[in-house]
Amino acid sequence: MASRYNHRTTEPKWRAAWSEARIFEAGEPDDRPKSFVLEMFPYPSGRLHMGHVRNYAMGDVVARYKMLKGFNVLHPMGWDAFGMPAENAAMQRGVHPKGWTYDNIAAMKQQFELLGLSLDWSREFATCDPEYYAQQQRIFIAMMQKGLVYRKTSKVNWDPVDMTVLANEQVVDGKGWRSGAEVETRELEQWFFKITEYADDLLDEVLKLENWPEKVRLMQANWIGKSRGATIRWPIVGDAAATHGEAIEVFTTRPDTLYGASFLAIAPDHAITKALAADNPEIAAFQKECAKLGTSEEAIEKAPKLGIDLGIKVRHPFDPDWEIPVFAANFVLSAYGSGAVFGSPAGDQRDLDFARKYGLPVNPVVLPPDADAETHAIDTEAYTGPGTIYNSDFLNGLSTKDAINAAIEKLEELKLGEGATTYRLRDWGVSRQRYWGCPIPVVKCEKCGTNPVPDDQLPVRLPDDVTFDVPGNPLERHPTWKHTNCPVCGGEALRETDTLDTFADSSWYFARFAAPSDDKPVDADLAAYWLPVDQYIGGVEHAVLHLLYSRFFMRAMRDCDLVPLQSGEPFAALFTQGMVTHETYKSADDKWLSPEEIEQKDNALIEITTGKPVAVGPIEKMSKSKKNTVDPTEIISDFGADVARWFVLSDSPPERDVEWTQSGVEGSWRFAQKVWAVVDELPEGAPAYGVALPDMDDAATEIRKASHRALQAIEDAIESFRFNSAIATVHEWVNALRKAESLEGTPAVLAARVEAAGFLAHALVPFMPHLAEECWARIGGTGLVSAGTWPVVEDSLLKDDTISMPVQVNGKKRAEIQVAADASKDDIEAIALSNEQVTAHTSGKTVRKVIVVPGRIVNIVVG
RNA sequence: GCCCCUGUGGCGGAAUUGGUAGACGCGACGGAUUCAAAAUCCGUUUUCUUCGGGAGUGCCGGUUCGAGUCCGGCCGGGGGCACCA
């Protein structure tokens, strides 16, 4: 009878052994192939959640597997430690962001260590460490000197009561989350990174990243949003030209629809709108109304489309007698193109809605392929597809595509426009009017302008003596911090009080892991060896911004000679994993209940304290507000880290969400016991693992086939990120091994069972590493199996002499035949056609066609 | 609103390239063991059926000898939308 496996004693024992042997510390560069495995580093919220467990369990599968496969593995961990939650904690609870953050890091690290991950903690850092942000300031200054950083005004959400800038998430229904005041947009002078300089390269290269999910590549391409079209200058009619300039420039992808134009719409904050608002209260009021929408694209797109006639007119570029009204409209973005569009209502739904609302003409100019020019009309639905141009003078009869080119040619001839490419991608605004971030290392002097802080004065440190009792930026109101001397003239000057967007911190941390304490941002030789990251793993919610910014940073750092990469691509392979979800529960009086507050009684769920029935709600992402979280630390204490890891990987494909269930975890726990039993029940006197095998009998060969096939399948599944399939294979394999325990213990069978146990120990290392070590020790293996070598499968054991093939008649399965594995198509066809169950369905009919896919299927077409 | 993804038994899911739909796990049911229970072990478990077979991968249609897989349309769920990380 096998003993029980006790995780409480074995797990700490093996973690201590790994730590003592230092097997997870990446060595110096050597002859082995390298593998840099990285999971997105966490924000130190203070508690590990199940989403973390899943993310890091996946990374650990890859890192440990690569180690066994003989790679020199770098698998580091750090902390994305700057950000708003620390300041919120400071405001709500009076704790200092620094203390709060480092306490959280300490608490989370303790929880992390319980998981038994193969992390190289010797390289740990936090982005709020002055040693880290000092290097980030160096990068900022290098980018400044390279011309990749500049200042311009841009819009922010402004809370007029708290007198502070709000993040989009701090704006709830157009109101400040604390003050409840209606949010305004305000313009501030801010710092920008010139990411648009790399727009084409970022687009071209992302499409080539074959080991990235297709959907992420698409999302990035759409985000960059390259579109070809034309810029068109519409001459302003009359006196207005003197005040507002000769013409209004618009960008369009559809110059073919120019003859359908019925209005121009410019942004509420376009220069012309601003100028007119100065002495027109109606326009000023409209501007103010638009400002309430905030800065998010979502809010702008969802808002009802509003406009106001500005009272000025422009001439149509192809017909000087045709005058068109100019509106300001809330759906026009000042940051895209030139902040102005022309409306061609018949060919664009938004323009059509706008035209109907304000009584503007709707002239169809594109005739759909099967439509009749006499009867085709636009009512409430615009026609946006291709077709033939009509009602359009010299463009008549052309296809939409040819008309686009013809229109551009004509515009260039008239010098009223030209072909152009525009990007949706905007430059990256990095200024934040907040304390807990990397200070922007510049000094503003009235005489000398804005200059970088000299290198020997870096880092510009955050002051510790700050308060959060009043809203606003503590750096701005600190009594002394911003006062300094100009690095050029030495006179009195002011520090920049904005800090950097925390996305900057996470845009290069991976490169820092190559040499985390170097006195340059990145050590050239070590970065050349370790970069790029071979496998990056994280949530799909970072598909656009974090990954795009990191790709920009690598290019910028390369062009500033800070990193010796040619490609500029930081992540060779990317995997995006799904979330951990859980059922939600509500009490009789409609309050959320946590899983601990309920119990099962007589086939129904009741609330423990009241005994009243509990309603089961939808399965949702674990969150504190829904009280459907499960604490990893408790699970680890009850079932062990191995079981927690096994479960989060077992039930769903890694890229999809996994639903946490108590019964599922219990199933994983039973399985761990079963594995232990298979190994522990090997009888005394069994041979050692790895010695030459005795002559095999049939039973022993079957065991060996099961082991070698399982190992091969697990290997394939890990390589292709199908961890749930790998786990299913382990289940089948262990079930087969349990059955083999009842076989007579011949020397051959015993040897095969020992081989199986040794294979199993290795195969479990990536998933249940503590149990793997315990099994390895039980069969007398030398050293740590985590530091061992993945076993080699014997090809001869993977193949069978005869295989079974399904036979279909007219696509329906009718029989199963046994054929030699190397049988020819003709032989297979003959066997299939003579099969009794087949002839039952073919007799009396003509065999028209026989399709034989060797090893797969036979399909007989009769009729 | 725009962009992207996703949908298979009671449940999570498997089916790697267009080739036996439902592997593996959970739950449920039946049995063994037990004084009893827990634990463990064995078996059944898509559905209908006249036991021959029929239907079936969100819905409707298409391509193909063959579709969960490819194409078109529709419906439901999720992610992102530039100051949450």
Side-chain angles (χ1 to χ4, degrees), chain A residues 4 40 42-43 45 80 82-85 88 156-157 165-171 213-219 221-223 225 295-303 305 331 335 349-350 424-434 501-503 505-506 539-546 548-549 576 578-579 581 618-621 647 650-653 655-659 661-668 670-671 673-674 677 713 716-717 720 722 724-725 727-732 735 738 804-808 810-813 816 840 848-851 853 855-861:
Chain A
R4 295 295 267 185
M40 291 179 185
Y43 180 81
S45 59
D80 188 13
F82 276 136
M84 285 208 312
N88 292 339
V156 294
N157 298 309
V165 175
L166 298 177
N168 281 338
E169 74 156 9
Q170 297 174 321
V171 180
E214 182 64 32
K215 64 169 173 175
V216 175
R217 291 192 279 166
L218 248 168
M219 282 165 84
N222 288 337
W223 188 260
T295 59
S296 90
E297 188 178 311
E298 185 188 359
I300 291 166
E301 292 265 357
K302 274 188 182 162
K305 308 293 176 271
F331 57 82
Q349 192 60 44
R350 195 178 56 188
R424 207 184 75 98
L425 181 69
R426 310 200 289 260
D427 276 335
W428 175 12
V430 292
S431 283
R432 297 292 181 271
Q433 294 71 39
R434 298 185 213 291
D501 179 5
T502 56
F503 269 124
D505 311 337
S506 54
V540 72
E541 64 273 21
H542 296 292
V544 177
L545 292 182
H546 162 58
L548 190 66
Y549 291 153
T576 54
M579 300 180 299
T581 62
I619 294 157
E620 296 196 52
K621 179 180 178 173
F647 176 71
S650 67
D651 242 24
S652 285
E655 67 276 14
R656 282 213 241 160
D657 293 351
V658 65
E659 186 195 343
T661 60
Q662 183 70 16
S663 53
V665 178
E666 285 161 7
S668 296
R670 281 198 296 273
F671 182 73
Q673 295 296 340
K674 199 190 242 183
D716 294 345
S720 55
R722 290 177 295 114
N724 55 327
S725 297
I727 283 173
T729 301
V730 176
H731 271 285
E732 281 179 276
N735 287 342
R738 280 241 86 172
S804 135
M805 279 177 67
V807 181
Q808 296 180 334
N810 283 350
K812 283 196 168 60
K813 186 189 162 194
E816 194 129 319
R848 305 211 179 270
K849 200 172 178 184
V850 180
I851 293 127
V853 185
R856 288 282 192 187
I857 204 162
V858 180
N859 191 9
I860 299 162
V861 186

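Lettering of chains follows the sequences in order, A, B, ..., and the numbering in each one begins at 1.
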Checklist entry - Nearest-Å distance, CD (A:Glu169) to P (B:A82)? => result 12 Å

Next on the checklist: Counting the atoms with a prime plus P, OP1 and OP2 as sugar-phosphate, which does A:Lys305 contact under 4.0 Å by heavy atoms, base, sugar-phosphate, or nothing?
Outcome noted: nothing

Checklist entry - Which part of the nucleic acid does A:Val156 contact within heavy-atom distance under 4.0 Å: base, sugar-phosphate only, or nothing? => result base

Item to check | Separation between the C1' atoms of B:C4 and B:U49, rounded to whole Å | outcome: 45 Å

Item to check | Over all atoms of both residues, closest heavy-atom pair of A:Pro213 and A:Thr576 | outcome: CG-OG1, 4.0 Å

Checklist entry - What is the nucleic acid contact for A:Pro42, judged by heavy atoms within less than 4.0 Å: base, sugar-phosphate only, or nothing? => result nothing

Checklist entry - Which listed nucleotide (B:G27, B:A85, B:C81) is nearest to the side chain of A:Tyr43? => result B:A85

Checklist entry - Can you find a side chain N or O atom of A:Arg722 that sits less than 4.0 Å from OP1 or OP2 on B:A15? => result yes

Checklist entry - What is the nucleic acid contact for A:Glu732, judged by heavy atoms within less than 4.0 Å: base, sugar-phosphate only, or nothing? => result sugar-phosphate

Checklist entry - Between atom CD in A:Glu655 and atom C1' in B:A14, what is the gap in whole Å? => result 13 Å

Next on the checklist: Can you see if the side chain of A:Ser720 gets near the phosphate of B:U16 - specifically, an N or O under 4.0 Å from OP1 or OP2?
Outcome noted: no

Checklist entry - A:Ile300 near the nucleic acid: base, sugar-phosphate alone, or nothing, with a heavy-atom cut-off under 4.0 Å? => result nothing

Item to check | Touch class at under 4.0 angstrom, heavy-atom based, for A:Ser431 against every strand present | outcome: base

Item to check | Side-chain donor or acceptor of A:Lys305 paired with backbone N/O of A:Ala303 under 3.5 Å | outcome: yes

Checklist entry - Could you give the NZ-to-C1' distance, from A:Lys813 to B:G56, as a whole number of Å? => result 16 Å

Item to check | Nearest-angstrom distance, C1' atom, B:G22 to B:U45 | outcome: 12 Å

Item to check | For atom CD of A:Glu666 and atom C1' of B:U40, their distance in whole Å | outcome: 15 Å

Checklist entry - Among the nucleotides B:G79, B:G13, B:C84, which one has an atom lying closest to any side-chain atom of A:Ser652? => result B:G13

Next on the checklist: Could you report the tightest heavy-atom contact between A:Thr502 and A:Asp80, atom names first, then the distance?
Outcome noted: O-OD1, 4.4 Å

Next on the checklist: Rounding to an integer number of angstrom, what distance separates B:G68 and B:U57 when you compare their P atoms?
Outcome noted: 7 Å

Checklist entry - Taking only side-chain nitrogens and oxygens of A:Asn859, does any of them come within less than 4.0 Å of OP1 or OP2 of B:U20? => result no

Item to check | Length of the CD1-P vector between A:Ile857 and B:U17, whole Å | outcome: 17 Å

Checklist entry - Rounded to the nearest Å, what distance is computed from the CZ atom of residue A:Arg217 to the P atom of nucleotide B:G79? => result 24 Å

Next on the checklist: Does A:His546 reach a base, just sugar-phosphate, or nothing at all? Heavy atoms under 4.0 Å.
Outcome noted: nothing

Next on the checklist: Please verify the inter-ring angle class for A:Trp428 with A:Tyr549; under 30° counts as parallel, over 60° as perpendicular, anything in between as tilted.
Outcome noted: parallel

Next on the checklist: Using heavy-atom distances to pick each residue's nearest nucleotide on RNA chain B, tell me which of A:Tyr549 and A:Gly667 is more 5'.
Outcome noted: A:Gly667

Checklist entry - From B:A55, B:C84, B:C26, pick the nucleotide closest to the side chain of A:Lys812? => result B:A55

Next on the checklist: Looking at A:Glu297 and A:Arg424, is there a salt bridge between them, counting it only when a charged N and a carboxylate O are closer than 4.0 Å?
Outcome noted: yes

Checklist entry - How would you label the contact of A:Val861 with the nucleic acid (heavy atoms, under 4.0 Å): base, sugar-phosphate, or nothing? => result sugar-phosphate

Next on the checklist: Check this one for me: any side-chain N or O of A:Ser725 less than 4.0 Å away from OP1 or OP2 of B:A15?
Outcome noted: yes

Next on the checklist: Run A:Lys674 and A:Asn735 through side chain to side chain donor-acceptor pair (under 3.5 Å) and show every step you take.
Outcome noted: CA-CA 9 Å; A:Lys674 199 190 242 183; A:Asn735 287 342; 2.7 Å; yes

Checklist entry - Mind checking the C1' distance from B:A28 to B:C35? Whole angstroms is fine. => result 28 Å

Next on the checklist: Need one value for A:Phe503: base, sugar-phosphate or nothing, where a base atom within 4.0 Å counts as base even if backbone is also close, heavy atoms only.
Outcome noted: base

Checklist entry - Base, sugar-phosphate alone, or nothing: which one does A:Thr661 contact when heavy atoms must sit under 4.0 Å apart? => result nothing

Item to check | A:Asn724 vs B:C24: side-chain N/O to OP1/OP2 distance below 4.0 Å | outcome: no

Checklist entry - Closest to the A:Gln808 side chain: B:G13, B:C84, B:A21? => result B:A21

Checklist entry - Which is true for A:Val658 with a 4.0 Å heavy-atom rule: it touches a base, it touches only sugar-phosphate, or it touches nothing? => result nothing

Item to check | Base-paired stems that RNA chain B participates in, counting runs of 3 or more Watson-Crick or G-U pairs under 3.5 Å | outcome: B:1-7 with B:75-81, B:10-12 with B:24-26, B:27-32 with B:40-45, B:46-48 with B:53-55, B:58-62 with B:70-74

Checklist outcome for this item: Sorted by position of nearest nucleotide on RNA chain B, 5' first, the leading residue of A:Ser804 and A:Asp651 is A:Asp651

Item to check | Protein-nucleotide distance (A:Asn88, atom CG; B:C83, atom P), rounded to Å | outcome: 17 Å

Item to check | Residue pair A:Met219 / A:Val544: nearest heavy atoms and the distance that separates them | outcome: CB-CG2, 3.9 Å

Next on the checklist: Return the CH2 to CZ distance between A:Trp223 and A:Arg426, rounded to the nearest 0.5 Å.
Outcome noted: 7.5 Å

Next on the checklist: Taking donor-acceptor contacts at under 3.5 Å, does the side chain of A:Gln433 reach the base of B:C83?
Outcome noted: yes

Next on the checklist: Counting only side-chain heavy atoms from C-beta out, which of B:C41, B:A85, B:C83 sits nearest to A:Leu545?
Outcome noted: B:A85

Item to check | Selected nucleotide, minimal atom distance to A:His731 side chain, candidates B:C41, B:C24, B:A14 | outcome: B:C24

Got a list of protein N/O to nucleotides 2-10 of chain B N/O distances below 3.5 Å?
| from | atom 1 | to | atom 2 | distance (Å) |
| --- | --- | --- | --- | --- |
| B:C3 | O3' | A:Asn222 | ND2 | 3.0 |
| B:C3 | O2' | A:Asn222 | ND2 | 2.6 |
| B:G7 | OP1 | A:Arg656 | NH2 | 3.4 |

Checklist entry - When rounded to the nearest Å, what value does the distance between C1' atoms of B:C71 and B:G53 take? => result 33 Å

Item to check | Nucleotide nearest A:Arg670 when distance is taken to its side chain, options B:C26, B:G25, B:A15 | outcome: B:C26

Checklist entry - Is there a side-chain contact (heavy atoms from CB on, under 4.5 Å) between A:Val861 and A:Asn810 once you walk through the steps? => result CA-CA 5 Å; A:Val861 186; A:Asn810 283 350; 3.8 Å; yes

Item to check | P atoms of B:U6 and B:U17, separation to the nearest Å | outcome: 14 Å

Checklist entry - When all nucleic acid strands are considered with a 4.0 Å heavy-atom cut-off, which category describes A:Ser650: base, sugar-phosphate, or nothing? => result nothing

Checklist entry - What is the nucleic acid contact for A:Gln673, judged by heavy atoms within less than 4.0 Å: base, sugar-phosphate only, or nothing? => result nothing

Checklist entry - Is the side chain of A:Asp657 donor-acceptor paired with the backbone N or O of A:Gly578 at a distance under 3.5 Å, no angle test? => result no

Checklist entry - Roughly how far apart, to the nearest Å, are B:C29 and B:G10 at atom C1'? => result 12 Å

Checklist entry - Between A:Arg426 and B:A82, does any side-chain N or O lie under 4.0 Å from OP1 or OP2? => result no

Next on the checklist: Using a 4.0 Å heavy-atom cut-off, does A:Asn735 contact any base of the nucleic acid, only the sugar-phosphate backbone, or nothing at all?
Outcome noted: sugar-phosphate

Next on the checklist: Roughly how many Å apart are B:G9 and B:G25, using the C1' atom of each and rounding to a whole number?
Outcome noted: 14 Å

Next on the checklist: If you only use heavy atoms from C-beta on, which nucleotide in B:C83, B:U20, B:C81 is closest to the side chain of A:Pro806?
Outcome noted: B:U20

